[in-house]
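Following: one structure in C-alpha cells, then a few remarks.
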Amino acid sequence: MGWFSSPPVAATKARAEAGAASVDEGALFDEGFLRQLESLALAARKVVHGRDRAERRTRRAGHGVELADYRSYSPGDDYRHIDWNAYARTERLLLRLFEQEEDLAVSLLLDGSASMGAVFAATGGKPSKLARGKQLVAGLAYIALSGLDRVSIHALATGEEARMPASRGKAQIFTVLELLRKVAPVGPTDLASAVARFIAREKRRGMVVLISDLYDPKGVEHAISALRYARFELHVIQVTDPGDLDPPLRGDVELIDSETGEARSVTVTPALLARYRAAVLAHRARIESFCREKHVPLHTVSTDEALDTAVLRVLRRGGLLE
Amino acid sequence: MQLFGYSLLQVLAVFGAAATLAVLLHLLRAHRRRVAVPYLPLWEGVLAQRDASQLLSRMPRWLALLLTLLVLALLSLAVGDPRLGAQNAAVTHRVILIDAGLASQAEEDGEPRITAIKRWAKRLAQQAGPLVPSMLVSVDAAPAPLGPFSSDAAALERLVAEIEPSDLATDVERAHRFALAALAGRNPAEIVFIGNGKGELPKELSAELSRAGVAVRRIAVGTQADNVAITTFAARRYPLDRNRSELLLGLENQGTSAAEVEVTLLGDGQPIDARTFQLGPGAREQRVFDDLAFSGARLEARLEARDPARDVLPADSRAYAVLPPRKKVRVLCVTEGNRYLEAALLLDEYFEVDVAAPGARVRFPDYDVAIFDRSTPVEPPGIPALYLAPPPSEAFPSDGEIPRPRFDNVRREHPILRHVVLADVNVASASRLKTQPGDAVLASSAAGPLLVSGERSGLPFVALTFDVARSDLPLRVAWPLLLVNTLDWFGNERKELAPVHVVGEVARVAVEAQEGVASIRTPDGELLSVPVTEGSVAFSADRAGFFQIEPEGRLVAIGIDATAAPLLARGPTTFDLASLDRPRIPELWSVLIALALVVIAFEWLAFHRRWAP
C-alpha cells in the first residue's frame, strides 16, 4: 500500500515522502531532456510540412504585401493605400487592405498549486503533475520559440506569480527553463483569479495553453470562460496522475487535502475506492463536456505517459500545430 | 451457573489481559495514518453519499471497542466452561483402570479379552463429563496414565482405542495405589477396574481406600479360565559336546479339566520336534528334550491344545530360548612341526589354530589355549596349556625316562578321557615326570605318570609325558578325541551359559563394546537405542520374543513368567453401568462462542463497512 504525498500545505511527513518519491525537480531539464526538446522541435517541423518561419497570417489588416480586401476610405486612413486605379474605374475611394504577417503570441499558463505537486509514494519513479506540466511547458515553448513565435509563461499561484514576458528566439528557452525551475507547488488552486490577473496583464491576444490538473474547488469553468471572452485561442491540457484515479489506499487512514490541509478520517475499502473512481471520472467528464460545449480543445496527459508522445499527441490532435 | 473449566479468578485474569490488549490496540488504531490527497472534495462527495446511505457506518469508534470487549468477555467466559443448573451437583472424579496385562490377551469365543475390556472402558468414557471428570490408566505390571482428568468423552474414547495389551502380568494392587494417589484431595472419588476378575485387594489397601472415601468398583471380564501354560523353557549345550544340546520344558494345566496338548519345538522357525502331553487338572510336568543336533540359535516352543477351550491364553503357550553361540577357540601350537598334532586340530571347525616355533615371540593373551610340543615357555603363558612331552624344567621336573610304558591306570571318568581308549597304545619311552601337589594323574604306567592335569600359575594344564611321534597314539581314534576333549575341558572352565530373561525384568546382556550406544531390534521390528555401560546393555521388555542386539547380531530370548501370571477369571460379566452414570448438564461454551462470532460478524460488516451495496 502506498500513500499520497503532497507539498507545502499537506502534513510534514507526507511532504517529506513526496520529495523522496517524486522525480528530482532538478533533473527535469537535464541534457537528456534538452535532446528530447530538440527532437520534439524537429518532429513538430515535420508535422507542419516545412512551413517558413513566422509566416502566420493574421486577419488583421496590416503592412504585408498580399492584398487581403478593400474597404471604403475614411478620413484619417493612410491615403498611400488608396487604390487609384479603382477610383478611376468606379470613382469611389477604396482603400487596399493587406494581410499582415506577424508572429504568434503564445502564452503558457501553468497551474502551480499544491495539488499539482502531490504524488503517491507507491507510484514512485513517475514525475509529479507539476513536473510533467513543466516539461510540457518547456516542450511547447521550445517548439514555439523555434517557430519565431512570442512566448510568455505564467505560473499561476495564489501568491506572487512567476512569469516570463513575451520573448522571441530559440535562445530564450534557457530563460524558460530557469523560470520553470523556480516554480514550486504552493497554495490552493484559484484559476479564476489567476486567469483574471493574466488577462489584465496580457494586452496582446493570441494562443493560451492552460496546463493544470483542473482541481479547483471553485470550478474551472470561470477561468476557461474568462479566457474565451478575452478572445484568446485557448487550449486546456489536463495533467493527470494514475494515483488520482486509483489511489493505492486501504484501511483506516486520515485523508488530508494537499492544498487546504483539511482532514477527513475514513476506512478505505474496495467499494469506497470504486465510488471514488466513479467520482473522479464524473469530474473529468464534466470538464470535458464543458470544454466541448465551449469549443475549447481539451487534452489529457498522464504522468506515466512518455513526454515526447504526449507533446506530439497534444500538438497533432489539438491543432496546436497545423 | 458453575464454571467447570477455568476458575472465576482465572476467567477474570484472562479477560483482564485480553481487554488491556484490546484497549491498547484500539488506541493505536485510533491514531490513523495520515495520507495527503490532491483534492479532498472528491472524497467528501463519496463519503457524504455513503454516510447518507448507511446508518451503521456512522457507528462511533467507542462502540467498536465496546463490541470488542464484549467478544472478549464471551470468549473468556467460554474458557471457564460454564454450565447451567449444576449448582448443587457434586463432581465425582473417576479413575478407570484398564487391565492391559497378560490376562487381557485371553481369547474367548474367538475374541481377545482386551476387546471386551476396551468396550467396557469406552462405555465408561462416554459417561465422562463435567460432573464425572475421568482419568484413564492402562494397567499391566505398572500403571500408565493415558492423560489427566478430562471431561471430554470423545477424547477419552479415542485414548481407549489406542490401548494395546502387553505380556506383563497385571499388578492390581499397584494400579489401585496409583489411582488412590491420583485421587488425593478429590472427594467424592471412585476407582473402576476393568479386567481379570481374579485376585482380591489386600485388606490394608482396601482400608486405605475406604478411609480416603474412594469407592472401588470392579468390572470382571472373562467367562473362561482353562489354560495350559509353558512355565519353563530353557536350552543349553552339552558341556562336553557343544555341538549338541538339550531343552527343558515345563508345562502346567491351570484349568479344571484335563487337557491334551501338543508341543512343537522350532529351531530357527523350522520344526525340529513335537511331542504330545496329557495333563490332568492342575498338573505340572517337566520334560527334557535331549541330544538335539541343532546348529541354529533361535529355539521356540509352541503349545496347542486339542480342545482350544482348554487353553484360552495363547500368550503363555509360546516360549523362547536362545542356544548360547559356540565360541571359536584360538589355539596356539608351539612346535617345530608335528603333522599329527596339526591334522588332529583340523577336526573341529571351532578351532582357530596358529603355529609358532619354540622361542618365537608370541602374544599368549591373544589365544585361548596353547599347545607346547616338546617345549616349554620361558615364562608361564597365562592361558591354559597342553604340554606334549615337555622337556624337564622347573614346572615339569623329571628324574629320568620310562622305557616302553603301558597305560596301566586310566581315569575313564575324567572328561578328557571320555570315549578315549588307551589300553594298547605303544609308546617308545616317556619322561618320568615328578608331579606336584594338586596335580592329578589321569593315566599312568606302573613306572610313572603318562597323562597329568593340574594348575600352573593358577591356570589349568594337561601334560602328556611322552612324545606322540614316538608312539602309535596318533594312529588311533583316541588321539584326536584326547585333543578335542582337552581343549573342550579348558573351555568348560569359562562356563558360558545363556541366561534366561522374562518380560518386565531388566535384562543385562554383555556386548563387545565397553561404552556407547547399542541398538536392539524388538520382535515387532522396532529399533531401540540403549546405552552401553561397562560392556553390557540393560533393557526391559514388555513382550516376549527374540530381541537382537545390533550390530553384533547377538540374540536375547525374553519369555513370559508364567508362574507370575494371574489366574484367569471365570464367569459372565454382570455390572450395572447405569449405577455409575451422572446427570447431563448443558454446555454453554459453544453458545458463547457462537454469540462472539455473531458480534464479530456484526462489527466487521457494520463498522468496517465491508459490504458493497
Side-chain angles (χ1 to χ4, degrees), chain A residues 1-7 9-15 17-18 113-121 129 189 213-217 241 243-244 247-249 251-280 282-283, chain B residues 19-72 598-613:
Chain A
M1 179 180 293
W3 51 88
F4 216 93
S5 57
S6 169
V9 185
T12 309
K13 182 182 173 187
R15 207 176 300 140
E17 285 161 354
S113 65
S115 66
M116 288 287 286
V119 64
F120 277 103
K129 289 179 285 188
T189 307
D213 58 2
L214 304 182
Y215 285 148
D216 188 344
D241 186 279
D244 289 357
L249 296 176
D252 295 335
V253 291
E254 188 175 35
L255 304 178
I256 299 168
D257 191 286
S258 60
E259 295 185 353
T260 62
E262 190 180 350
R264 182 74 152 87
S265 295
V266 64
T267 301
V268 179
T269 64
L272 188 71
L273 285 177
R275 285 178 165 274
Y276 170 76
R277 180 185 172 87
V280 172
H283 173 75
Chain B
T20 305
L21 188 63
V23 170
L24 283 175
L25 290 174
H26 173 77
L27 293 176
L28 284 175
R29 188 178 169 188
H31 182 73
R32 288 171 176 252
R33 198 176 68 233
R34 294 162 66 83
V35 177
V37 292
Y39 194 51
L40 191 60
L42 283 173
W43 290 94
E44 291 285 1
V46 172
L47 295 175
Q49 186 182 4
R50 186 171 188 80
D51 290 350
S53 64
Q54 293 183 12
L55 177 66
L56 291 173
S57 66
R58 290 200 295 271
M59 186 184 295
R61 289 211 161 263
W62 64 264
L63 187 53
L65 175 62
L66 204 63
L67 290 177
T68 305
L69 293 177
L70 177 60
V71 168
L72 292 175
V598 169
V599 175
I600 288 171
F602 174 76
E603 196 264 355
W604 179 266
L605 290 173
F607 186 77
H608 290 288
R609 312 158 195 154
R610 296 296 182 194
W611 73 64

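Numbers restart at 1 for each chain; the letters A, B, ... are given by sequence-line order, proteins then strands.
- Looking at residues two or more places apart in sequence or on another chain, you find a ring-ring contact (aromatic ring centres under 6.0 Å, His included) between A:Y276 and B:W43.
- Within the model, atoms OG1 of A:T260 and OH of B:Y39 stand 10.0 Å from one another, a figure rounded to the nearest 0.5 Å.
- In this view, A:D216 satisfies the salt bridge (Lys or Arg N to Asp or Glu O under 4.0 Å) rule with no residue, not counting sequence neighbours.
- Between A:E262 and B:L40, the shortest heavy-atom contact is O-CD2, 3.5 Å.
- Between the A:S258 side chain and the B:P38 main chain, a donor and an acceptor come within less than 3.5 Å of each other.
- Residue A:A279 comes nearest to B:L42 through the heavy atom pair O-CD2, 3.9 Å, listed as atom of the first residue, atom of the second, then distance.
- Contact of A:L214 with chain B is not made at all, since no heavy-atom distance falls under 4.5 Å.
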